[in-house]
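First up is the structure itself, then whatever we jot down about it.
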Amino acid sequence: MPDIMGIINLSEDETAMRDIAKYRPIGAIPIAGRYRVIDFVLSNMVNIGIHNVSIFTQGKSRSIVEHLGHGKEWDLDRKKDGLFIFNPYVNPKDSTFHKGDIKNFIDQLDYIKLSKQKYVFLSRSYMICNVNLQDAFKYHKDSGADITLLYKKMQGEKDKFINCDNLTINEAGKVISVGKNIGKESNFNISMEMCFLKKSLFIDIIENSISKGETMYLKQAILQQVRKLNVNGYAFDGYLGCINSIENYYRVNMELLDIETSKELFYKNGYIYTNVKDEPPTKYTETANVTNSMVANGCIIEGTVERCVISRGVKIGKNAVVKDCVIMQKCSIEEGAVLQNVILDKNIEVSSGIELRGASKKPLVIMKNQKI
Amino acid sequence: MPDIMGIINLSEDETAMRDIAKYRPIGAIPIAGRYRVIDFVLSNMVNIGIHNVSIFTQGKSRSIVEHLGHGKEWDLDRKKDGLFIFNPYVNPKDSTFHKGDIKNFIDQLDYIKLSKQKYVFLSRSYMICNVNLQDAFKYHKDSGADITLLYKKMQGEKDKFINCDNLTINEAGKVISVGKNIGKESNFNISMEMCFLKKSLFIDIIENSISKGETMYLKQAILQQVRKLNVNGYAFDGYLGCINSIENYYRVNMELLDIETSKELFYKNGYIYTNVKDEPPTKYTETANVTNSMVANGCIIEGTVERCVISRGVKIGKNAVVKDCVIMQKCSIEEGAVLQNVILDKNIEVSSGIELRGASKKPLVIMKNQKI
Amino acid sequence: MSREKKEIIAMLLAGGQGSRLNMLTEKIAKPAVPFGGKYRIIDFTLSNCSNSGIDTVGVLTQYRPLELNRHIGIGSPWDLDRKDGGVTILAPFMGAEGGRWYKGTANAIYENFHFIEQYDPEYVLVLSGDHIYKMDYSLMLDYHKERASEATIAVITVPWEDTNKFGIMNVDDESRIVEFEEKPKQAKSNLASMGIYIFNWKTLRRYLAEDESDRKSHHDFGKNIIPNMLHDGISMYSYVFNGYWKDVGEVKSLWESNMDLLKEDNTLDLYDRNWKIYSKNPVNPPHYISSTGKVKSSLLNEGCVIHGEVNNCVLFPGVEVGRNSIVNDSVIMPDVKIGENVSIRKSIIMSKVIIPDFTVIEDRENNEVVLINE
Amino acid sequence: MSREKKEIIAMLLAGGQGSRLNMLTEKIAKPAVPFGGKYRIIDFTLSNCSNSGIDTVGVLTQYRPLELNRHIGIGSPWDLDRKDGGVTILAPFMGAEGGRWYKGTANAIYENFHFIEQYDPEYVLVLSGDHIYKMDYSLMLDYHKERASEATIAVITVPWEDTNKFGIMNVDDESRIVEFEEKPKQAKSNLASMGIYIFNWKTLRRYLAEDESDRKSHHDFGKNIIPNMLHDGISMYSYVFNGYWKDVGEVKSLWESNMDLLKEDNTLDLYDRNWKIYSKNPVNPPHYISSTGKVKSSLLNEGCVIHGEVNNCVLFPGVEVGRNSIVNDSVIMPDVKIGENVSIRKSIIMSKVIIPDFTVIEDRENNEVVLINE
């Protein structure tokens, strides 16, 4: 068991996610037929034996709490350590609400200090990958850096990581500066917003931000250190998906229809765990006609499905035609309905005869719990 | 398994509890050496097989969440049903906070509606007893009442239930009116603020309060029904403790030094469960001198203790004298210190040579985490 | 009143080697045999317990329990990881007088007498772990209590021509059992015992103790306990069950009951959200059908990757079917890898088997079910 | 990489009947014997595992496992109710060749070969469930890895006069084991084996298989496996443990080790919050000492009610002592009810015994420990 505590900071920019992040943080968005976005980083952590994980929310935590439960599926339902979910503390009497996420970390400084682990692995949820954190941690320790930031070298794919952090790294592997990717360069280093550092340094950074009062966001506080400290980069070269806009969300789902990509993401450095739903097998009837699609359990498929990601418990009726769609759990598409380039949030009933079409670059998004 | 869902409403008046309710709701106050106030009603419920319990907080829920954990000790860590803790929803964007507790129930109406049980047992936490809810539920069903309120007939003990609800009940057992006990009468019926009703009626009451917008408190909403509906009383005749003021808190702890009272409270209609702490046995040294006291596990006692309730993990040094005190967990009373009529909140270190004295009617209360 | 006191507990007989299932059970106990795409046979009984509100289940096993132990674990999938009660695996043990293997179904319960006593139950439900069905035992218990029965036996009507394969109950107008015949040649009724019993524990306890000291006894419920109770005039009722019920005791019936799930008029509804069948959930992504894949009239599970053609099949998690392969009317167990240009028909392929390219599997001559093991 | 792969798993031998503990173990296995006021003997080993970060423990048992099963349950007190791994009770089972009881310590591990293999461990820690001690196995594992040892045996220095009761290790300057003598008359060293071994699983697997086919073998670690490994020149090291360690194999040593806890200089610190000893927690209110009660130099637990005098005793949960009774130098197990005007000295009173008023219990003649059972 490595001497690391894991911290997932769900303070993420949700503005480009449109309606699917209206009632849930990005970490709780359903993806790839049976997962939530947060499952990937959480599984990466437990796969190397991290068993003290805290999740700092922005307040919209109900869907995260429901999804993670007591952490049983990640083997985090423990007496000592385990899974902790921290919401920003709101004082109902004075009704003040602090801007920025750093207040939440300040409030939980006791928990962080009392945790027995010496190192912190700090991450967000929106970067999807299956990374061997053991190797990255070893690199961090061996290199003697104060902070090791994980990144991926990109060639091409300009528009895939718009608005992500762009690292300038020298030949020695040291991070010189951090900028923003605005899609101009073709060769660049995308920060995965995952890093290793000593817990004592992490505490220093937070306490510093209290005493100086300059920073409201943890990320700012850490980036201020880049010039002062020895910050290294660790290059990851596997599949990296970025869920920071609805277009990217759609893109990642479609990319997983490549079986080699999805085998890497789901198996390479350990399994990806998620909340199980005890769904029965998926039933294909005589009239089903499914190609190039990913289908989760509990579905009943009677229609035509092409290039789709179909979540648990979806029903697709006879003569329904569903192409290039992401269908979340418990949707029901009735006889003869036609959908193309659509993202259906969960629990949507599409009636017989309805046709919905988006564009391949601008998928149509339908909000959850509707009958259309 | 009875067809009942349990609901504990922690919206309780904490003003008379002084500092021990400053950072915790009444339900989370340590009592009787190893319990929290909420343990009693929660155990009464699980003892008759209720396995769907929700706790509605006023927001100060951290200590409740820490104490109850996943509900394992109450066998409520379940896939279906189990334990739910609902905090009032605060919208950080508009920073509004609704007065009254009914908003919290309105927000969770979906949970209440989707629960499979037909009946609701609604309670607060501050009434301490070991009641056979099976019998009370049978009485409710057999009597055909819309609502059955539990109460206790009091004779004397005028000042023990000040500010509690006082029920006027006719010969047929029907509740005619609900008043407030101001300590004038000698024979009166104290409402235990526990009741049975059909879930459908409970939902009606909440929905009514939305549409009319008159009531902000669930209790108001229910009491409005007393005249309209058939409300019965069910008489409980066992020990009843009332934790609505610091004086009553002290009184209840002292009453439990009567072994017959405490045997009734802890064993009569089922066990009282609490969070276990894996404390070792309590060690009495050669110099220990303890009489008429209740001592939890994990203590090391070297001094003199009379008429006290001593919680888990307390240390009492040589020649220390502790009389008529309630000592919460992890306090340390050093050599030669003298305490009488004192309530020490948890984790207080009383240094050698210190003397602290309260009055038997006005115990001295010391706030937690201090060195004196 | 201790929380440990239980109104009813279940004792599940899962000891069977099930030799008629030959190769399937060479390494595992019959209740652990995979069924229905993602289940094992015992999941149905355990899920029935959980859904019926029975939270204390003793699983009696003595034959190769490793796989069953692993599958059941601490009982989480069935919400049977309880603080008091839950699921307990009861293997034979050694007492001061030496070790004793279970001699028969009744003896197995008798040997775990102390386990039952600790819950001080009013009723004991005796179950077998090798039948496929969905049943609400709480309704059977209500019936047992209403009739003031001391022993209630669940029965199902079977075709008259099959009566000689079952224990047959002859009952009066009030469903009281008047006679029990084990595999009669000339049956008087077609009500067959399902091997599901509710007993008043006090009554059962007495009969088990008496039976134990009877040297001639087979220590079996059907052969000894039930006939003895009947003989003594104990109040016994039959409880008629309507619904899907199958004893998957042979390779053929295992294949058939899997194929039953593909029928339009199948009565074993796996999609009922109010009566889920729970099982250990594999950790696999959704299944994937490629641009060359084709799936019809089949059940698929997570982790499958289909490049070929699948018709009228039940595929367990992690099955791969290569390009140009055709699989018809078959049951393919977990993690089987089928290569390219393979043809399979009417077969059961056991877990983890690898089928090389260009293989043909089918019993063309007799059209029997083919069983392929490692 | 599956999460099921474990670096190290523990195999805990809890099969012992412990006949020297006579009446104590008539109904329960020795590891389930109560100790220290709220524990059972096995709690120390299980807590050591949990505190050392070992999350997979197989408990091998074949003798009266009910009490042990109930005590361990799903492993919650030790945080061993894990999804993968956790604690598993391994009873003997029946294979296709019939049932086999464990023949010896080594055979018990061999028979559970498949259990170990499923975790594919690098190392296997072999433990015994009947010793009282606190030890960080992770430090022993570090030592094992640093030395590139294939088998590491924990040892403790014992008084020279006791060497004939132990397996004695003769080691060189680098702590490498050069010789092993079982209960030697003339010992060359006073380093006694604690029965705690870390093996490279690959090495152990080979030796277990060889031992199994050796008809003359006792299938015992001390008698067969260790000597065979030494003979073959396998790299073996001793790991010296300093601290409290006691084999509570007799009534007298059980009493003594309880009395040890009352000494001022006792080294088995039960109050260390960083190394808690976990056990099943009883559901009882705090203990109560009445106005007539008097307690000195004793350990008390929840649920006790003391109206009399208690000196130098260990009282388990739920013990009641009546007025004018005096209990000295004794171990009183759970739920014992001592009436009024009773006098007890130097005794062990077993669980749930009721001592009537005016009873006197003491061995005045020989001053031996008196054991009172139901």
Side-chain angles (χ1 to χ4, degrees), chain B residues 31-35 39 43 47 70 72-74 77 253 256-263 265-267 270-302 305-315 330, chain D residues 35-39 43 47 50 74 76-79 81 258 261-264 266 268-273 275-307 310-320:
Chain B
I31 189 166
R34 66 191 286 270
Y35 302 91
D39 293 342
S43 298
N47 279 333
H70 320 139
K72 204 175 214 173
E73 294 307 325
W74 294 266
D77 55 330
N253 276 286
L256 294 179
L257 294 181
D258 178 73
I259 185 72
E260 295 312 318
T261 301
S262 83
K263 276 195 174 170
L265 185 62
F266 292 116
Y267 298 113
Y271 294 146
I272 305 300
Y273 298 93
T274 190
N275 188 1
V276 298
K277 294 285 185 190
D278 300 296
E279 290 285 350
T282 279
K283 188 170 198 163
Y284 292 87
T285 65
E286 187 58 39
T287 55
N289 182 6
V290 179
T291 51
N292 208 357
S293 293
M294 194 178 221
V295 185
N297 265 29
C299 299
I300 299 177
I301 312 283
E302 304 185 86
V305 176
E306 283 176 30
R307 294 177 305 279
C308 288
V309 175
I310 311 284
S311 294
R312 297 188 279 208
V314 167
K315 289 193 179 115
K330 292 191 183 167
Chain D
F35 172 82
K38 68 168 280 192
Y39 310 101
D43 291 339
S47 300
S50 180
I74 58 172
S76 321
W78 307 274
D79 211 17
D81 49 338
N258 274 287
L261 295 173
L262 303 175
K263 290 184 186 151
E264 292 277 327
N266 159 43
L268 186 73
D269 181 8
L270 296 176
Y271 296 83
D272 179 0
R273 297 200 176 272
W275 203 272
K276 280 191 176 180
I277 304 303
Y278 300 100
S279 188
K280 204 173 161 180
N281 287 280
V283 183
N284 279 320
H287 59 264
Y288 174 70
I289 303 173
S290 79
S291 49
T292 58
K294 207 169 163 187
V295 177
K296 288 201 188 297
S297 305
S298 294
L299 296 185
L300 259 70
N301 278 282
E302 287 158 348
C304 291
V305 176
I306 313 298
H307 296 289
V310 174
N311 296 306
N312 213 42
C313 287
V314 174
L315 269 55
F316 284 74
V319 169
E320 294 189 9

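Treat the numbers as computed from the prediction; the structure is a model and nothing was measured. So you know, we letter chains A, B, ... as the sequences are listed, proteins then strands, and number each from 1.
- Between the D:Y271 side chain and the B:P281 main chain, a donor and an acceptor come within less than 3.5 Å of each other.
- Ion pairing between D:D81 and B:K72 holds under the 4.0 Å rule for side-chain N and carboxylate O.
- Neither the backbone nor the side chain of B:E302 has a heavy atom closer than 4.5 Å to any heavy atom of chain D.
- Among residues at least two apart or in separate chains, salt bridge (Lys or Arg N to Asp or Glu O under 4.0 Å) pairs with a member in residues 293-302 of chain D are B:R34-D:E302.
- Contact detail for B:P280 and D:Y39: the closest heavy-atom pair is CA-OH, 3.3 Å.
- Heavy-atom pairs under 4.5 Å with chain B were tallied for D:L270, D:N311, D:L300; the largest tally goes to D:L300.
- Per-residue counts of heavy-atom pairs under 4.5 Å with chain D were compared for B:N289, B:I300, B:I301, B:T274; the largest is that of B:I300.
- With contacts defined as side-chain heavy-atom distances shorter than 4.5 Å, the pair D:V283/B:F266 does not qualify.
- Proximity to chain D (any heavy atom under 4.5 Å) is restricted, for B:A32, to the backbone atoms N, CA, C and O.
- Annotation: salt bridge (charged side-chain N to carboxylate O under 4.0 Å, His left out) contacts of B:K263 (sequence neighbours excluded): D:E320.
- No side-chain N or O of B:Y271 forms a donor-acceptor pair with one of D:N284 less than 3.5 Å apart.
- No side-chain donor-acceptor contact under 3.5 Å links D:K38 to the backbone of B:N297.
- Here the OG-CG distance, from D:S291 to B:L257, works out to 10.5 Å after rounding to the nearest 0.5 Å.
- Of all heavy-atom pairs spanning D:P286 and B:G33, the tightest one is CG-CA, 4.0 Å.
- Annotation: side chain of B:E286 is not in contact with side chain of D:L262 (no heavy-atom distance under 4.5 Å).
- Heavy-atom neighbours of B:K315 NZ from other residues, nucleotides or ligands within 6.0 Å: at or below the threshold of 12.
- For the pair B:D278/D:N281, a side-chain contact is recorded, criterion being any heavy-atom separation below 4.5 Å from C-beta on.
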